[in-house]
Amino acid sequence: MYIFCIVLILIASVLIILAVLAQSPKSGMAANFGASNQVMGVRQTADFLEKFTWGLAIAIVILSLLATMTMPSANISSSKSGVEKALEQAIESNQNLLPSSLPSAEPAANPAPADSAK
């Protein structure tokens with residue numbers, strides 16, 4: 001399932017690149033070169049490409065979350081950075097140094113009375 005999600009993400013990524021490149025520019029310096037598309041009446045195509053681009057972007061986000069949830073545990077443990085591994089080892093070694101029972105803090109026998117005569 002993980003590999004299938006990754007393949008779908010790659011396909012969607014290539015399609016979104018092509019869809020963005022095929023869209024006519026809305027403003028800026030490139031707008032001067034895209035004026036011929038508006039003259040020929042391709043308004044429906046522009047709407048479709050915009051919806052297609054948004055759909056692919058949403059699909060990539062959902063597939064990325066799905067791929068993360070289905071990632072095998074072997075990949076997760078191998079992808080940990082050296083800092084994370086060193087931190088885990090330090091925590092494990094410090095666990096051995098702590099005493100098994102920590103002394104509890106006992107309240108003072110005679111707490112100082114608050115000055116109510118002020």
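Every heavy atom of this structure was used, including side-chain atoms; hydrogens, water molecules and symmetry mates were not.
When all heavy atoms are compared, the tightest approach of Leu49 to Gln23 is O-NE2, 3.3 Å. Smallest separation of non-hydrogen atoms from Ala67 and Tyr2: O-CD1, 3.3 Å.
Both Ile3 and Ile60 are part of a single hydrophobic cluster, where members link through side-chain heavy atoms under 4.5 Å apart. Cluster membership check: Met1 does not share its hydrophobic cluster with Met69, using side-chain heavy-atom separations under 4.5 Å among Ile, Leu, Val, Met, Phe, Trp and Tyr.
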Enumerate, atom names and distances included, each donor-acceptor pair closer than 3.5 Å involving a side-chain atom of residues 6-22, sequence neighbours excluded.
| unit_1 | atom_1 | unit_2 | atom_2 | d |
| --- | --- | --- | --- | --- |
| Ser13 | OG | Ile9 | O | 2.7 |

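Residues that satisfy the ring pair (Phe, Tyr, Trp, His ring centres under 6.0 Å) test with Phe4, not counting sequence neighbours, are absent from this structure.
The CG atom of Leu87 sits 4.0 Å away from atom CD1 of Ile91, with the distance rounded to the nearest 0.5 Å. Taking CG of Leu66 as the reference point, atom SG of Cys5 lies at 4.0 Å (rounded to 0.5 Å).
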